[in-house]
Amino acid sequence: MTSQGSARRPKYQRIADALRTAIQAGEYGPGDRLPGENDLMATYEVARMTARQALGVLQNEGIAEARKGAGVFVRAFRPLRRRGIQRLAHEQWGSGRSIWSADTEDRELVVDQIEVREEEANDRISGALALPTGARAWVRSRRFVLEGKPVLLATSFLPSDIVADSAVTRVDTGPGGTYARLAELGHEPVHFREEIRCRMPSADEAERLSLAMGTPVIRIVRTAFAEGGRAVEVNEMTLDSASYVLEYDFDA
């Protein structure tokens, strides 16, 4: 950017740029406290709101986090690398490993706020699973927490006529998770489709994921298909965008 273009940027953006550059250069490492509002006001001769906005930019980008009563610190959390293709390979869940283990790289992942229930499928889910009106589905809702930080909300919907009375309806589905159980039931997933978009979170999502104000979420809807093309699961996932890198590795 030219110096003239740089000068046209709002002051808070220029301050955020300078702080970001300092972080990238290693002047501030993970867990280090950044200059506070008073420091930025004195250094750049700006109003408190401008200093606050500059720090807010870094928080919204996931680079920094505010700690109540202590200041703003460089975020120490290392984002997850979600390998969209490898994680769904048959050798992953078919060998008894969770597909989520492909993302965590031996870091501690805790699944909490688990709810398993059966309900009448709404129009959206009925359409995705090609179910008749009034058909029922089993719903598996979970929150995933990595190193104390909530990173993902996931809700799976599965046709009741396939999974009723199986381990899929229990809190713990066993080694390999839902896909391994579907395979045992004769409905092994052989094809997946994922739709991805970004949006701002709802109030409930922001609270459950402990999101900083202004942080968007990544919405991924995955449909799993068995041989013959029947949809056997729809999984609606909401990811903290600051906690994930989405990676897709495939041949030309």
Side-chain angles (χ1 to χ4, degrees), residues 1 6-82 100-101 103-114 141-154 198-220 237-247:
M1 180 179 290
S6 209
R8 284 198 297 265
R9 285 169 64 78
K11 284 184 178 180
Y12 76 91
Q13 287 282 10
R14 299 204 300 271
I15 297 170
D17 291 345
L19 291 172
R20 190 187 305 105
T21 298
I23 293 169
Q24 292 170 347
E27 294 178 31
Y28 301 101
D32 286 351
R33 184 181 183 278
L34 293 173
E37 293 177 8
N38 291 338
D39 298 323
L40 296 177
M41 290 166 61
T43 301
Y44 294 95
E45 299 181 347
V46 294
R48 182 174 300 279
M49 182 56 68
T50 301
R52 185 171 299 168
Q53 286 178 302
L55 293 170
V57 168
L58 300 182
Q59 292 175 66
N60 291 344
E61 292 177 356
I63 296 172
E65 61 184 356
R67 300 177 190 170
K68 192 169 183 178
V72 177
F73 296 77
V74 178
R75 197 175 186 192
F77 184 83
R78 178 163 52 98
L80 288 161
R81 188 166 293 275
R82 184 183 190 273
W100 310 102
S101 66
D103 303 337
T104 57
E105 299 174 336
D106 298 323
R107 298 156 73 189
E108 183 182 5
L109 183 71
V110 175
V111 184
D112 72 355
Q113 297 185 3
I114 304 173
S141 177
R142 299 88 77 204
R143 183 177 73 163
F144 294 76
V145 180
L146 184 71
E147 298 170 351
K149 170 69 177 74
V151 295
L152 166 70
L153 307 174
C198 293
R199 60 168 172 77
M200 298 308 295
S202 67
D204 178 66
E205 290 168 340
E207 180 180 357
R208 292 182 66 197
L209 288 171
S210 300
L211 298 177
M213 185 173 294
T215 302
V217 292
I218 302 170
R219 181 74 165 175
I220 300 179
M237 293 163 277
T238 304
L239 291 67
D240 170 12
S241 62
S243 295
Y244 275 90
V245 173
L246 305 186
E247 178 184 301

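The side chain to side chain donor-acceptor pair (under 3.5 Å) test applied to Arg20 returns Asp17, Glu61, not counting sequence neighbours. Residues meeting the salt bridge (charged side-chain N to carboxylate O under 4.0 Å, His left out) test with Glu205, sequence neighbours left out: Arg199. Taking the salt bridge (charged side-chain N to carboxylate O under 4.0 Å, His left out) definition, one finds that Arg219 meets it with Glu236, sequence neighbours left out. Remark: Arg208 pairs with no residue by the salt bridge (charged side-chain N to carboxylate O under 4.0 Å, His left out) rule, at least two apart or across chains. Applying the side chain to side chain donor-acceptor pair (under 3.5 Å) rule to Gln53 yields no partners; only residues at least two apart in sequence or on another chain are considered. Taking the salt bridge (charged side-chain N to carboxylate O under 4.0 Å, His left out) definition, one finds that Asp204 meets it with nothing, sequence neighbours left out.
Salt bridge annotation for Lys149-Asp240: present, with a cationic side-chain nitrogen under 4.0 angstrom from a carboxylate oxygen.
Closest heavy-atom contact between Val145 and Pro150: CG1-N, 3.9 Å. Closest approach of Pro216 and Ser241 over heavy atoms only: O-OG, 2.7 Å. Pairing each heavy atom of Pro35 with each of Leu19, the nearest pair is CD-CD2, 4.0 Å. The shortest non-hydrogen separation linking Leu209 to Leu152 is CD2-N, 3.4 Å. Here the closest heavy-atom approach between residue Gly71 and residue Arg33 is recorded as CA-NE, 4.2 Å. Annotation for Tyr12 and Ala54: closest pair O-CB, 3.4 Å, computed over non-hydrogen atoms.
Phe144 places none of its side-chain heavy atoms less than 4.5 Å from the side chain of Val110. Here the side chains of Ile63 and Arg75 are not in contact, with every heavy-atom distance at 4.5 Å or above. Side-chain contact between Leu246 and Leu239 is present, with at least one heavy-atom pair separated by less than 4.5 Å.
The line from CG of Leu40 to CD of Glu45 is 13.0 Å long, rounded to the nearest 0.5 Å. Arg67 contributes atom CZ, which lies 5.0 Å from atom CZ of Phe73 (distance to the nearest 0.5 angstrom). How far CG of Asp39 is from CG of Leu55: 9.5 Å, rounded to the nearest 0.5 Å. Residue Arg48 holds its CZ atom at 4.5 Å from CE of Met41, rounded to the nearest 0.5 Å. Interatomic distance, Glu27 CD to Thr21 OG1, rounded to the nearest 0.5 Å: 9.0 Å. We find the CG-CD1 distance between Leu58 and Ile23 to be 5.5 Å, quoted to the nearest 0.5 Å.
For CD of Gln113, the number of neighbouring non-hydrogen atoms (other residues, nucleotides, ligands) closer than 6.0 Å is greater than 12.
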Margin query: For a side chain to side chain contact (heavy atoms under 4.5 Å, CB included) check, start with the C-alpha distance between Val72 and Glu65, then their side-chain angles and the critical distance, and finish with the verdict.
Written below: CA-CA 6 Å; Val72 177; Glu65 61 184 356; over 6 Å; no

